Amino acid sequence: MPKIIKRVAVLTSGGDSPGMNAAIRSVVRTCAFHKIQCIGIYRGYQGMIEGDFIEMGPRSVHNIINKGGTILKSARSKEFMTVEGRKKAYAELIKAEIDGFVVIGGDGSFTGAQIFNKEFKFPVMGIPGTIDNDIFGTSHTLGYDTALNTVIECIDKIRDTASSHNRLFFVEVMGRDAGHIALNAGIGAGAEEILIPEEDLGLERLVESLRKSKAAGKSSSIVVIAEGDKIGKNVFELKDYVEANLPEYEVRVSVLGHMQRGGSPSCFDRVLASRLGVKAVESLLEGKSNFMVGMLNDKVTLTPLLQAIKGETLIDRELLRVSEIMSV
Ligand code: ATP
């Protein structure tokens, strides 16, 4: 018999992403709609261990749908990675009479939830919140769409100065293991070349392509580079290499960094967060546990947490071809 859920907790864990607040709001209001109590846990799993909880009602989440970051704060907790830490967290949840939790975070947060569920048979649900879009079982993670919009807005501005000075710009975007941001924002911003972790373009090909674009009459160019690109050189080393091999180019570097993680969430992320929050709570109420709520083909779906953690997300190879054609 699945346990009856009367009190649900919500926490944000790992790196923050735009849309986390909208997801908290959705979880809290879905609980209120179904007349069950909702508890907010501050500072991710560390706050769970320390019993840093707050009662939440529909009015405690007003005016946050449009805010970046997370009102519950996020944290990385080394202690939760130990059995002793998780025992403390379990004791705090039981003391506060919490029957299940929804964790909004990335694959590390899901790993923690999955282990916790296994150890204590405690009902858990995950909502994917990370700008990298690298989680299996959902076409979009919370914050990804907003990050794409932030990146193209920045590159549009860089393009103005690049074209005024006939410069080549290398723009580094987030994505240590996944090139989704680089590939999509690169196409959206009209980049000449896009370097991603999944694909080895090769230095020679990059130089050749830039040489060709100069010969084709392009006076300025933008190259978008994911942090973890396969070539293995950081963006400054790449600049040195290209300048040494193509003296006709003056290269400038722009590292977008953490600004990609902030800002008001896009409409897409707000709607996604609202849908995933409803499904997470209603799934717990139906006695389901140990799933990630995601979206596939515009339908809200459940994927076992373990699969969401282990599954591989692939880049869309058609986009590589589109990018190549666009840089003719
Ligand atoms: P991001 O996408 O920003 O990296 P994430 O959720 O993957 O987000 P992590 O720092 O990897 O971020 O994980 C968040 C927290 O989840 C950790 O600080 C830790 O408390 C918990 N966690 C991660 N891995 C484990 C694990 N193997 N066992 C128990 N808890 C874990």
Side-chain angles (χ1 to χ4, degrees), residues 9-21 23-24 41-52 68-70 72-90 92-93 101-122 124-138 140-148 150 173-182 197 226-228 257-263 265 269 272-273 276 280 290-294 303 305-313:
V10 57
L11 67 150
T12 46
S13 169
D16 65 304
S17 67
M20 280 186 163
N21 277 327
I24 295 169
I41 300 177
Y42 284 113
R43 296 180 293 116
Y45 291 124
Q46 195 55 37
M48 190 185 281
I49 289 170
E50 294 170 20
D52 196 0
T70 155
L72 289 175
K73 314 280 183 197
S74 193
R76 302 196 196 264
S77 170
K78 284 220 171 84
E79 207 180 342
F80 195 78
M81 295 170 104
T82 66
V83 187
E84 294 71 37
R86 292 193 294 273
K87 276 187 185 157
K88 279 194 216 165
Y90 181 68
E92 290 296 333
L93 292 176
F101 70 72
V102 178
V103 59
I104 307 163
D107 56 356
S109 303
F110 293 168
T111 305
Q114 201 264 332
I115 293 172
F116 193 80
N117 169 265
K118 208 163 150 197
E119 285 174 342
F120 305 105
K121 305 277 166 284
F122 197 85
V124 300
M125 279 283 160
I127 292 181
T130 165
I131 63 166
D132 291 336
N133 208 34
D134 57 351
I135 295 190
F136 181 83
T138 189
H140 289 75
T141 54
L142 287 184
Y144 171 57
D145 182 69
T146 305
L148 288 181
T150 303
V173 301
M174 281 191 172
R176 222 163 269 139
D177 308 304
H180 301 288
I181 292 184
E227 289 168 292
H258 280 83
M259 74 166 78
Q260 296 161 86
R261 287 245 286 254
D269 275 328
L272 180 66
L276 300 189
N290 221 11
F291 287 101
M292 180 196 77
V293 186
T303 300
L305 274 183
L306 201 57
Q307 231 174 301
I309 298 159
K310 296 252 172 347
E312 205 187 343
T313 55

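Note that the structure is predicted; figures quoted are calculated from it, not measured. Side chains are part of it too, since the values below use all heavy atoms of this structure and drop only hydrogens, waters and symmetry mates. Whatever order the structure lists ligands and atoms in, that order sets their numbers, starting from 1.
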Query raised in the report: Is there side-chain contact between V10 and I104, with heavy atoms separated by less than 4.5 Å?
Result: yes
Requested in this report: Could you list the atoms of ligand 1 found under 4.0 angstrom from a heavy atom of R76?
Outcome: 3 (O), 4 (O), 9 (P), 10 (O), 12 (O), 18 (O)
Query raised in the report: Which of the atoms in ligand 1, numbered in the order shown and given with their element, are less than 4.0 Å from a heavy-atom of G15?
Result: 1 (P), 3 (O), 8 (O)
Query raised in the report: Which residue from S13, S77, G112, G14 reaches closest to atom 19 (C) of ligand 1 through any of its heavy atoms?
Result: S77
With a cut-off of 3.5 Å and sequence neighbours excluded, list every side-chain donor-acceptor pair involving residues 105-112.
| from | atom 1 | to | atom 2 | distance (Å) |
| --- | --- | --- | --- | --- |
| S109 | OG | S13 | O | 3.4 |
| S109 | OG | S13 | OG | 2.7 |
| T111 | OG1 | D107 | O | 2.7 |

Requested in this report: Check whether any side-chain heavy atom of E50 sits under 4.5 Å from a side-chain heavy atom of E92, and report yes or no.
Outcome: no
**Report entry** G106, any N or O under 3.5 Å of ligand 1 N or O
**Finding:** yes
Requested in this report: Could you check atom 25 (C) of ligand 1 against the protein and tell me its nearest heavy-atom contact, residue, atom and distance included?
Outcome: M81 CE, 3.6 Å
Query raised in the report: Taking distance alone, with no angle check, do G108 and ligand 1 share an N/O pair under 3.5 Å?
Result: yes
Query raised in the report: Which of the numbered atoms in ligand 1 are below 4.0 angstrom from a heavy atom of S109?
Result: 5 (P), 6 (O), 13 (O), 14 (C), 16 (O)
Report task. Answer side chain, backbone, both or neither: which part of Q46 comes under 4.0 Å from ligand 1, heavy atoms only. Result -> neither
Requested in this report: Just jot down the salt bridge (charged side-chain N to carboxylate O under 4.0 Å, His left out) partners of R176, sequence neighbours excluded, or say none.
Outcome: E227
Query raised in the report: Which atoms of ligand 1 are found less than 4.0 Å from any heavy atom of T130?
Result: 2 (O)
Report task. Rounded to the nearest 0.5 Å, what's the gap from CZ on R86 to OH on Y45? Could you check? Result -> 10.0 Å
Query raised in the report: Among protein heavy atoms, which sits nearest to atom 28 (N) of ligand 1, and what does the distance come to when rounded to 0.1 Å?
Result: I115 CD1, 3.4 Å
Report task. Answer yes or no: is there a side-chain heavy-atom contact under 4.5 Å between D52 and I41? Result -> no
**Report entry** Validation row: F116, L93 side chains within 4.5 angstrom (heavy atoms)
**Finding:** yes
Requested in this report: Please state which part of F80 comes within less than 4.0 Å of ligand 1, counting heavy atoms only: side chain, backbone, both or neither.
Outcome: both
Query raised in the report: Do any N/O atoms on T111 end up under 3.5 angstrom from N/O atoms on ligand 1?
Result: no
Query raised in the report: Would you say F101 and M48 make side-chain contact, with heavy atoms under 4.5 Å?
Result: yes
Report summary line: The atoms of ligand 1 lying under 4.0 Å from a heavy atom of R86, numbered in the order shown, are 29 (C)
Query raised in the report: Looking at side-chain heavy atoms only, is the closest gap between I131 and T141 below 4.5 Å?
Result: no
Query raised in the report: For ligand 1, does D107 get within less than 4.0 Å through its side chain, its backbone, both, or neither, judged by non-hydrogen atoms?
Result: both
Query raised in the report: Going by the atom numbers of ligand 1, which of them fall below 4.0 Å from some non-hydrogen atom of Y45?
Result: 16 (O), 20 (O), 21 (C)
Query raised in the report: Taking the six-membered ring for Trp, are Y144 and H180 parallel (under 30°), tilted (30 to 60°) or perpendicular (over 60°)?
Result: perpendicular
